[in-house]
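Encoded as C-alpha cells, the structure appears first; notes follow it.
So you know, we letter chains A, B, ... as the sequences are listed, proteins then strands, and number each from 1. Quick note: numbers below take in every heavy atom, side chains included, and nothing from hydrogens, waters or symmetry partners.
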Amino acid sequence: MNMLEIEKKWQKIWAEEKLNEFDGNYDKKFYCLEMFSYPSGAKLHIGHWYNYGLTDSYARYKRMKGFSVFQPMGFDAFGLPAENYAIKTGIHPQDSTIKNIETMENQLSRIGAMFDWSAEIKTCMPDYYKWTQWLFLKLYENGLAYRKEAPVNWCPSCNTVLANEQVVGGTCERCGTTVVKKDLTQWFFKITDYAEELLTGLDKLDWPEKTKLMQKNWIGKSFGAEVTFKAESGEEFKVFTTRIDTIMGVSYVVLAPEHPLVKKLTTADRAEEVEKYVYETSKANEIERLSSDREKTGVFLGAYAINPANGKKVPIFAADYVLYSYGTGAVMGVPAHDERDYLFAQKYGQPINQVITNKENNVTLPYTEDGYLINSGEFDGLFGDDARKAIVSKLEKENTAAFKVNYRLRDWLISRQRYWGAPIPVVHCPKCGDVAVPYKDLPVMLPYDVEFKPDGKSPLAKHDGFMHTKCPKCGGDALRDPDTLDTFVCSSWYYLRYPDSKNAEMPFDPEIINKMLPVDKYVGGAEHACMHLLYARFITKALRDMGYLKFDEPFLSLTHQGVILGPDGNRMSKSHGNIVAPDSYVNEYGSDIFRLYLLFGFNYTEGGPWSDDGIKSVAKFLDRVERLFNKVVTLKGENSDRYGAEEKEVEFILNNAIKSVDHDMDVFSFNTAIARLMELVNALTKYEALENKNEKLLKDSVTVLIKLLAPCVPHFAEELWHELGNQNSVFKEDYPVYDSTKTVKEEVEYAVQVNSKMKGKLVLSKSLTDKEIEEQALSFAPVKEILNGNKPKKVIVIKGRLINVIA
RNA sequence: GCCGCUGUGGCGGAAUAGGCAGACGCAAGGGACUUAAAAUCCCUCGCCCUCAAAAGCGUGCCGGUUCGAGUCCGGCCAGCGGCACCA
C-alpha cells in the first residue's frame with residue numbers, strides 16, 4: 001500500500017466531510033485536550049508528535065465508543081524565546097511566530113489527527129489576548145489582582161531583568177556579570193485565596209497520584225502558630241512556627257534579609273555589615289538558600305526582641321535560610337530542636353536551650369521529634385499538641401500568639417518586563433492612581449514597532465505612542481502599564497475559549513462552555529504539575545465564583561505523556577546534538593507507521609530514548625495485515641458452520657483481543673494494545689493457512705481487526721475498510737464488543753510448587769473445587785515423589801493460577 | 001538540598017489485588033525457498049554448567065515481612081522531572 005498517497009487522500013476526504021469537527025451533540029460530548037504547543041522552534045518535534053498523534057488515537061477510540069469528540073488545537077504563542085530570538089537575529093517576534101505557526105500547522109495536519117481546526121486559537125492574536133486582558137480586569141475587579149513590591153533578577157551590566165533561565169550559575173547568560181535581586185512594583189494574582197479549595201479539590205480528580213501529591217506539597221498546608229515578638233525599640237513582628245511548644249527554648253530570632261524591619265532595627269554600628277550581608281544574599285537564588293547542605297550564614301542586627309512567652313531578651317539576626325516569601329518571613333531560633341537553628345547557633349555562638357525530652361530522657365540534640373516539655377515552667381510535662389494548645393491559649397489572652405494555618409503557596413506574579421506578551425490593561429494616572437482600562441477599549445493593542453533590545457526599561461515603556469494615553473476616569477494625561485502578562489495567564493484559560501473560539505462579544509458564551517466543559521481528558525507533560533495545572537484550576541474557580549462557570553475543576557482526567565529522549569539517553573537539545581526530527585520518518589514511512597511505532601515502542605507515560613530499530617518491524621506488521629486482508633477479502637464465506645478446536649481458538653483470541661485492546665486504549669496502554677493486535681494477526685494468519693476453514697468466521701474476524709486497528713493507523717484502516725466495500729468512514733462504526741463466554745477456557749494450567757519451588761504444570765478443569773485441585777496436585781508425580789508418603793503441612797491453592805504444597 | 005518519579009535479558013518493553021519473571025517485538029544465530037539477493041516462512045534465544053537433562057543463579061544494591069516479593073516495608077545507590085521569570 002502506498003501510505004503517503006492514501007494519507008493525503010483520506011485527509012482530504014475527512015476534511016471535506018468535516019469528520020474531524022465536533023458534531024454538536026453535547027449530551028455525548030467528550031472534550032479531549034492536549035496541551036497546546038509553543039511555537040518557539042520552527043518545527044514540530046517528536047515530543048509534539050508523541051503527545052498529539054497518540055492522544056489522537058485515544059480520541060478516535062473514544063469516538064468509536066460512541067462519544068462526540070471535541071479535539072481542538074492551537075498555539076501558546078507569546079513568550080520569551082521569540083523575543084530572545086528577535087534580539088539575536090533582528091526578526092520581529094510576531095513575524096517569526098506567525099511563520100513558525102504556519103510550519104507547525106502543516107506538520108500537524110500530516111499527523112492525520114481529528115483536530116477540529118475550526119476552533120483553532122493563537123494566543124498572540126488580538127482576538128485572543130483581548131480576552132486574556134478581560135480576564136485580568138475581571139480578577140482585578142474582584143480583588144484578585146493587586147500590586148506589590150517583589151524582587152526580580154537584575155543584571156547591573158545589561159541593565160535588564162532576567163528570567164531564571166537566563167541566570168547561569170548566578171551570572172547573566174549574556175555578559176557573565178553577577179546577577180542581583182532588585183525590587184520592582186509588580187502585579188500579582190491572589191491564588192492564595194483559593195489555597196484550601198485547590199488542595200481539597202484534588203481528592204475528586206482522576207489525575208496521576210504523583211501529580212496530586214506534588215500539587216499538595218506545592219500548596220504546602222501546615223498547622224502552626226503566629227507569635228508576636230516585640231523589639232526593644234517598640235517595633236513588632238510576627239514569626240510563624242509549627243513548634244510553639246519549643247518557645248521557651250528560643251535563643252534568638254531571625255528575619256529574612258528582605259524583611260522590611262531589617263533596616264529599621266539595625267543599630268548604627270551594625271549598619272555597614274548588615275547592608276553588605278543583605279546585598280550578598282541578593283545574589284543567591286531560593287534553591288541555594290533552601291539547601292540544607294549550604295553553610296548557614298547570618299548577621300546580628302544589634303537589636304534585641306522580647307520572647308512573649310518568658311520575657312527573655314534575645315538577639316535579632318538576619319539570615320538567608322529564612323525566606324521572606326514563606327510564612328511571616330521571620331522565625332524563632334530554637335537550636336535544641338531544629339536542625340538549621342542548631343547549625344546556626346553553633347556557628348554564631350548562641351545558647352542551645354533544651355526544652356523537650358523523650359520518655360527515657362536520653363535525647364541527643366538537636367531533637368526534632370515531639371516530646372515532653374522541660375525547662376518550660378508551668379508547661380513542664382506536657383506533650384506535643386497538648387503543650388502547643390496550652391501555650392497558645394495562655395499567649396492568646398495577652399494577644400501575642402494565635403493558631404494559624406500557613407500555606408507554602410504564594411501569590412502568582414504575573415508582570416513581565418518584556419515585549420512579547422499581552423499588555424496589562426491598566427493606566428496609571430497621576431491623579432486617580434491605577435485605573436482599569438474600560439472593557440470597551442479592549443484590546444490594549446501590542447504595538448509592532450518597538451525597540452526590544454535590553455537597555456534597562458520594559459520595551460513598551462520606550463514606546464511613546466503606546467505609553468501616553470488619557471486616564472479613563474478623569475481624562476487627564478496618564479501612562480499605560482509598561483509590563484506584559486506572564487504567558488501562563490494566556491494558557492490558564494485557553495481551554496475555555498476553544499468551544500466558542502470565534503465569539504467576538506465575549507471570551508466565551510457561558511451556555512456553551514457549561515455544556516462542553518469540563519475537559520474529559522487532558523494530556524500533557526508532567527513538568528506542568530505545579531504551575532500551569534494549578535493556575536488553570538485557580539482561574540476556573542475564580543470565574544466560577546464570578547458566576548461564569550458552573551463547574552469547579554477544568555480537567556477531570558489527566559494523563560502525562562513520557563519524554564522521548566535522544567538516542568544517547570539525554571533530553572533532546574541543540575547542545576547535545578541529539579535531536580531526532582519526525583519529518584524524515586513521516587516522509588519515508590508515512591504518518592500511520594510512525595504513529596504505530598510510537599504507540600508500540602514505548603510505555604506512553606514513561607517515554608524513553610529514541611531508537612528507530614523497530615520502525616521497520618511495525619511497517620512489516622502492516623504488510624502482514626495487508627497480506628492477510630488480501631487473502632480474506634475475496635472469500636465467499638463458505639463453511640460457516642464449521643466449528644472445531646481451531647475455530648474455538650480463533651474465537652478465544654479474537655474476543656480476548658477485543659477485551660484487552662478496549663481496556664488498554666482506555667488507559668493509554670498503547671504498547672500492550674498493539675501487542676494484542678499482533679497476536680490476533682498471528683493467529684488469523686495461521687488459521688487462514690489451514691486447508692479447511694470457516695471463511696465467514698475468518699472474514700468477520702478480519703473486519704473486527706480493522707476496527708480495532710483504526711484508531712492506531714487511521715488512514716490505513718480507512719483504506720481497508722473501504723476496500724471491504726463500505727461507503728462510510730470506519731470512524732462512524734461502533735467499537736467491537738467482546739463475547740465474554742468466549743474469553744474463558746474450560747481447562748486451566750496450574751503452576752505446581754513444592755515449598756514454593758516450581759515442580760511442574762498441571763492442566764485442570766475449571767470446574768474443580770479447591771479440594772479437588774488439592775487432590776490432583778498431591779497425586780501429581782513430582783509432588784508425590786518429594787512427599788514420599790508423608791502428609792503435607794499445608795496446601796495453598798490460588799484458583800486458576802497456582803498450587804503450592806508445603807512439605 | 002527539598003518535593004515527585006524511575007531502575008526488569010544484548011535492546012524497546014510485558015507481568016490484574018503478593019502467585020509460573022521476560023507477553024509482544026527488535027537485534028542475533030541456525031534452517032527452508034532462491035542462480036543470487038530482497039521479501040517471506042520455520043526453529044533457537046536471561047545467565048551459568050551441560051552432548052542433553054536436572055540443579056543453581058537472576059527484576060539497581062543491602063536487609064526485612066510472607067508458604068511465596070519485580071510487586072509490600074526499612075536503608076542505600078544511580079538517573080529523570082519540578083522548585084514559582086523557559087513554557
Side-chain angles (χ1 to χ4, degrees), chain A residues 35-38 40 76 78-81 84 152-153 161-167 186 191 208-218 220 285-294 325 408-418 486-488 490-491 525-532 534-535 560 562-563 565 569-571 597 600-603 605-611 613-618 620-621 623-624 627 663 669 671-679 682 685 689 749-758 760-761 793-796 798 800-807:
Chain A
M35 289 180 186
F36 60 173
S37 53
Y38 179 75
S40 74
D76 188 15
F78 275 137
L80 182 66
N84 284 341
V152 292
N153 298 314
V161 177
L162 298 177
N164 287 340
E165 192 191 47
Q166 298 172 296
V167 182
Q186 308 195 67
I191 190 172
E209 286 305 319
K210 63 163 185 172
T211 310
K212 292 204 259 185
L213 193 55
M214 275 191 274
Q215 279 208 0
K216 191 181 159 201
N217 292 337
W218 184 265
N285 67 35
E286 270 184 28
I287 295 172
E288 290 161 357
R289 284 174 61 173
L290 280 170
S291 167
S292 41
D293 272 1
R294 183 178 156 95
S325 56
R408 205 181 70 101
L409 182 69
R410 319 206 284 251
D411 277 338
W412 175 13
L413 193 167
I414 52 157
S415 304
R416 295 292 182 270
Q417 293 72 44
R418 297 185 200 289
D486 176 12
T487 53
F488 274 124
C490 308
S491 60
E527 67 274 18
H528 293 290
C530 294
M531 301 182 69
H532 162 64
L534 196 63
Y535 295 149
H560 295 305
V563 181
L565 305 169
N570 292 308
R571 194 171 251 280
Y597 176 59
F600 181 57
F602 302 88
N603 169 314
T605 57
E606 278 167 25
W610 172 258
S611 148
D613 281 350
I615 194 159
K616 280 202 179 75
S617 79
V618 298
K620 281 186 198 167
F621 169 64
D623 284 344
R624 237 167 28 241
R627 275 200 300 279
H663 170 263
S669 181
N671 53 347
T672 54
I674 304 299
R676 298 292 87 79
L677 289 168
M678 287 174 167
E679 283 167 355
N682 290 344
T685 304
E749 190 179 70
Y750 280 85
V752 182
Q753 301 182 334
V754 177
N755 293 333
S756 309
K757 301 235 167 180
M758 279 294 298
K761 304 203 166 166
K793 283 194 194 124
K794 196 169 154 192
V795 179
I796 296 155
I798 307 295
R801 284 180 179 269
L802 162 148
I803 306 154
N804 191 3
V805 178
I806 311 302

Handout entry: Nearest non-hydrogen partners of A/H560 and A/P208, listed with the distance
Key = CD2-CG, 3.8 Å

Exercise for the section: Can you tell me, in whole Å, how much space there is between the C1' of B/rG22 and that of B/rA27? Expected result: 16 Å

Exercise for the section: Sticking with atom C1', work out how far B/rC5 lies from B/rC41, rounded to a whole angstrom. Expected result: 44 Å

Exercise for the section: State whether A/N603 places a side-chain N or O below 4.0 Å from either non-bridging phosphate oxygen (OP1 or OP2) of B/rA14. Expected result: yes

Exercise for the section: Give one of base, sugar-phosphate or nothing for A/F600, where a contact means two heavy atoms less than 4.0 Å apart. Expected result: base

Problem - Distance below 4.0 Å between A/N217 side-chain N/O and B/rG4 OP1 or OP2 - result: yes

Fill in the blank from the handout: Counting primed atoms, P, OP1 and OP2 as sugar-phosphate and everything else as base, the B/S/- map of nucleotides 26-34 of chain B against protein heavy atoms under 4.0 Å is S--------

Practice task
Mind checking A/G562 for me? I need base, sugar-phosphate or nothing, with any heavy atom below 4.0 Å counting as a touch.
Solution key: nothing

Exercise for the section: Grab the CZ-P distance between A/F602 and B/rG12 for me, whole Å please. Expected result: 10 Å

Problem - Integer angstrom distance from the C1' of B/rG10 to that of B/rC20 - result: 25 Å

Exercise for the section: In whole angstrom, give me the gap between the C1' atoms of B/rA52 and B/rC33. Expected result: 31 Å

Exercise for the section: Could you tell me whether A/L802 contacts a base, only the sugar-phosphate backbone, or nothing, with contacts defined as non-hydrogen atoms closer than 4.0 Å? Expected result: base

Problem - Rounded distance (Å) that lies between atom C1' of B/rG56 and atom CE of A/M758 - result: 16 Å

Handout entry: Rounded distance in Å between the P positions of B/rA39 and B/rC48
Key = 31 Å

Practice task
Starting from C1' on B/rG13, measure out to CH2 on A/W610 and report it in whole angstrom.
Solution key: 15 Å

Practice task
Could you tell me whether a side-chain N or O of A/Y750 sits under 3.5 Å from a main-chain N or O of A/G800, the two making a donor and an acceptor?
Solution key: yes

Problem - NZ/NE/NH1/NH2 to OD/OE distance under 4.0 Å, A/R294 and A/E286 - result: no

Practice task
Round to a whole Å and report the spacing from CG of A/N671 to C1' of B/rG12.
Solution key: 9 Å

Fill in the blank from the handout: In RNA chain B, consecutive runs of at least three Watson-Crick or G-U pairs below 3.5 Å, as range with range, amount to B:1-7 with B:77-83, B:10-12 with B:24-26, B:28-32 with B:40-44, B:60-64 with B:72-76

Handout entry: A/Q215 side-chain N/O to A/K212 backbone N/O, donor-acceptor pair under 3.5 Å
Key = no

Handout entry: Donor-acceptor contact below 3.5 Å, side chain A/S291 vs main chain A/E288
Key = no

Exercise for the section: Classify the side chain of A/K761 versus the base of B/rC20 as yes if they form a donor-acceptor pair under 3.5 Å and no if they do not. Expected result: yes

Exercise for the section: May I ask you to decide if A/I806's main-chain N or O and A/N755's side chain share a donor-acceptor pair within less than 3.5 Å? Expected result: no

Problem - 5′-ward residue of the pair A/T685/A/S291 relative to RNA chain B - result: A/S291

Handout entry: Spacing of the P atoms in B/rA54 and B/rG63 (rounded, Å)
Key = 30 Å

Pairwise N/O distances under 3.5 Å, protein to nucleotides 63-65 of chain B:
none

Problem - Chi class for B/rG31: syn within 90° of 0, otherwise anti - result: anti

Fill in the blank from the handout: Correct closest heavy-atom pair for A/Q417 and A/S415 would be NE2-CB, 4.0 Å

Exercise for the section: Could I get the full list of side chain to side chain donor-acceptor pair (under 3.5 Å) partners for A/D411, not counting sequence neighbours? Expected result: A/Y146, A/T192

Problem - Inter-nucleotide P distance (B/rC42, B/rA78), Å rounded - result: 47 Å

Handout entry: Rounded P spacing from B/rG30 to B/rC77 in Å
Key = 46 Å

Completion exercise
Residues passing the salt bridge (Lys or Arg N to Asp or Glu O under 4.0 Å) test with A/R418, sequence neighbours excluded, are none

Problem - Atom-pair distance (NZ on A/K757; C1' on B/rA54), nearest Å - result: 14 Å

Exercise for the section: Measure the distance from CD on A/E606 to C1' on B/rC80 and round it to the nearest whole Å. Expected result: 11 Å

Handout entry: Heavy-atom closest contact (A/P81 atom, A/Y38 atom, distance)
Key = CD-OH, 3.0 Å

Practice task
Hey, which sits more toward the 5' end of RNA chain B by its nearest nucleotide, A/A675 or A/T211?
Solution key: A/T211

Completion exercise
Between CG of A/N285 and P of B/rC2 the distance, given in whole Å, is 16 Å

Practice task
Might you point out which heavy atoms bring A/L413 and A/R416 nearest each other, and give the distance in Å?
Solution key: O-NH1, 3.3 Å

Practice task
Mark yes or no for whether A/D486, through its side chain, and A/I414, through its backbone, hold a donor-acceptor pair below 3.5 Å.
Solution key: no

Fill in the blank from the handout: Taken in chain and number order and not counting sequence neighbours, the residues that satisfy side-chain contact (heavy atoms from CB on, under 4.5 Å) with A/N217 are A/L213

Practice task
Assign A/R627 to base, sugar-phosphate, or nothing according to its heavy-atom contacts below 4.0 angstrom with the strands shown.
Solution key: sugar-phosphate

Practice task
Under 4.0 Å between any heavy atoms, over every strand shown, what does A/E749 touch: base, sugar-phosphate, or nothing? Just pick one.
Solution key: base

Completion exercise
Residues passing the salt bridge (Lys or Arg N to Asp or Glu O under 4.0 Å) test with A/R801, sequence neighbours excluded, are none

Practice task
Look at all strands and tell whether A/N682 reaches a base, only sugar-phosphate, or nothing, counting heavy atoms closer than 4.0 Å.
Solution key: sugar-phosphate

Practice task
Could I get the full list of salt bridge (Lys or Arg N to Asp or Glu O under 4.0 Å) partners for A/E606, not counting sequence neighbours?
Solution key: none

Practice task
Classify every nucleotide of nucleotides 81-87 of chain B by which part a protein heavy atom approaches to under 4.0 Å, writing B for the base, S for the sugar-phosphate alone and - for neither, in 5'-to-3' order.
Solution key: BSBBBBB

Fill in the blank from the handout: Once base and sugar-phosphate atoms are separated, protein heavy atoms under 4.0 Å mark nucleotides 67-79 of chain B, 5' to 3', with B, S and - as BS-----------

Practice task
Output all residues satisfying salt bridge (Lys or Arg N to Asp or Glu O under 4.0 Å) with A/E165, sequence neighbours left out; order by chain, then residue number.
Solution key: none

Distances under 3.5 Å between nitrogen or oxygen atoms of protein and nucleotides 15-17 of chain B:
unit_1	atom_1	unit_2	atom_2	d
B/rU16	O4	A/R801	NH2	2.9

